[in-house]
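Structure, as structure tokens:
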Amino acid sequence: MPMTRKQLDAQLGGAARAWLDEALAEAAHTAFHEDTADTAPANRYAVPPWELRFAAAGRHCGLEYADSVRALLLLEARAGLPAVTRLYDQGTAAERRAVLLTLHRLDLGPTALPLVEDALRTNDTRLVAAAVGPYAAVHLDAHQWRHAILKCLFTGVSVDAVDALARRSHGDAELARMLGDFAAERTAAGRTVPSDLSRVLALTAPAPFPEHSNIPEQGRPNPPTEES
């Protein structure tokens with residue numbers, strides 16, 4: 001999980017903190033002036049300074065803190081779809097991962113789904129793991145989400161990375177069928193079945209009908225009669 005600004009300040013050295021201060025100020029400036037003359041046609045093709053900082057975060061703050069720094073920049077800039085798409089399309093795998101990890105904290109609705117879909121088409125486990133976070137849990141439809149689960153199993157990404165796994169798997173008979181087919185194919189090919197598969201399969205089972213419930217009488221099945 002990305003660190004907060006306070007947590008980062010406790011970890012970064014003086015030079016890195018100063019660099020981050022400047023970077024966040026540039027991002028805030030872009031957010032404040034996004035509808036003013038600062039984004040007039042004359043500047044339309046200029047890259048905002050904070051986006052350059054986004055790419056340089058690892059170099060100035062350390063690779064272990066780059067995700068957190070990049071998340072703060074995206075939030076401070078109130079990055080919209082054009083910006084996150086540009087950063088994703090032009091970024092390294094690390095920069096793309098930072099975008100994916102922050103999508104659910106931005107006001108994008110489902111418009112950024114193409115970025116998630118692109119990440120799920122790769123075999124880069126860092127991107128696949130980042131793509132199945134909270135944003136995907138909310139916005140992927142059932143068909144896409146089931147295939148995202150299979151992608152995790154296929155690439156070896158732990159299903160611990162999947163947000164809302166239990167909720168979305170519950171009672172999903174189609175996912176259960178797909179998992180069974182996947183296991184059968186792996187077995188027939190002499191390949192091991194991922195251990196996470198049985199875990200997800202167990203989650204697809206519907207809840208048992210309670211022996212004692214609060215269902216109103218009119219909602220319960222009628223007791224058998226002699227005629228029946």
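- Within the 3.5 Å criterion, the main-chain N or O of L201 finds a donor-acceptor partner in the side chain of T204.
- Taken together through direct or relayed side-chain contacts under 4.5 Å among Ile, Leu, Val, Met, Phe, Trp and Tyr, V132 and V200 form part of one hydrophobic cluster.
- Atom NZ of residue K151 and atom CG of residue N123 lie 4.0 Å apart, to the nearest 0.5 angstrom.
- Of all non-hydrogen atoms in L115 and V84, the two that sit nearest each other are CD1-O, 4.0 Å.
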(request) Evaluate the criterion side-chain contact (heavy atoms from CB on, under 4.5 Å) for residue pair C152 and D196; output intermediate values, then yes/no. (result) CA-CA 9 Å; C152 288; D196 274 351; over 6 Å; no
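- The minimum heavy-atom distance linking A55 with R70 is given by the pair O-NH2, 3.3 Å.
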(request) Assess whether side-chain contact (heavy atoms from CB on, under 4.5 Å) is satisfied between V128 and F154, documenting all intermediate values. (result) CA-CA 11 Å; V128 173; F154 179 78; over 6 Å; no
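- A salt bridge links R53 with E26: the distance from a Lys NZ or Arg NE/NH1/NH2 to an Asp or Glu carboxylate oxygen falls below 4.0 Å.
- Using a 4.5 Å heavy-atom threshold, the side chains of V193 and L153 count as separate.
- Here CZ of R168 is found 13.5 Å from CG of L203. Values are rounded to the nearest 0.5 Å.
- Salt bridge present: D118 and R121 bring a charged side-chain N and a carboxylate O closer than 4.0 Å.
- Considering only heavy atoms from C-beta on, V116 stays 4.5 Å or farther from Q144 through its side chain.
- Here the CG atom belonging to L74 is positioned 9.5 Å from the CZ atom belonging to R105, to the nearest 0.5 angstrom.
- At least one side-chain heavy atom of R177 sits under 4.5 Å from a side-chain heavy atom of D181.
- Residue T192 holds its OG1 atom at 11.0 Å from CG of L197, rounded to the nearest 0.5 Å.
- A donor-acceptor pair under 3.5 Å links the side-chain atoms of R17 to the main chain of L12, judged by distance alone.
- Taken to the nearest 0.5 Å, the CD atom of E64 stands 8.5 Å off from the CD atom of Q11.
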(request) List the steps and the verdict of side-chain contact (heavy atoms from CB on, under 4.5 Å) for L87 and E95. (result) CA-CA 7 Å; L87 291 170; E95 292 161 32; 5.9 Å; no
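- At a threshold of 4.0 Å, the pair R96-D124 does not count as salt-bridged, since none of the basic side-chain nitrogens sits closer than that to a carboxylate oxygen.
- L106 and L101 are members of different hydrophobic clusters when ILVMFWY side chains are connected at heavy-atom separations under 4.5 Å.
- Between T155 and T122 there is no side-chain heavy-atom pair separated by less than 4.5 Å.
- The CG atom of L72 sits 11.5 Å away from the CH2 atom of W50 when rounded to the nearest 0.5 Å.
- Side-chain contact between V99 and T102: absent, with no pair of heavy atoms (C-beta onward) separated by less than 4.5 Å.
- The two residues A16 and H60 make their nearest non-hydrogen contact at CB-O, 3.5 Å.
- Pairing each heavy atom of E76 with each of A28, the nearest pair is OE2-CB, 3.5 Å.
- The minimum heavy-atom distance linking R5 with L24 is given by the pair NH1-CD1, 3.2 Å.
- Between V138 and H104 there is no side-chain heavy-atom pair separated by less than 4.5 Å.
- L103 and L108 make their closest contact through CD2-CD1, 3.8 Å (heavy atoms, listed as atom of the first residue, atom of the second, distance).
- In this structure a side-chain-to-backbone donor-acceptor pair under 3.5 Å is missing from E51 to P48.
- Between R97 and D67, the closest side-chain pair of non-hydrogen atoms falls below 4.5 Å.
- More than 12 heavy atoms of other residues, nucleotides or ligands shown are found within 6.0 angstrom of CG on D141.
- The aromatic rings of H139 and Y135 sit tilted relative to each other, their planes meeting at an angle between 30° and 60°.
- Contact of the D160 side chain with the R199 side chain is registered, since non-hydrogen atoms from C-beta on lie closer than 4.5 Å.
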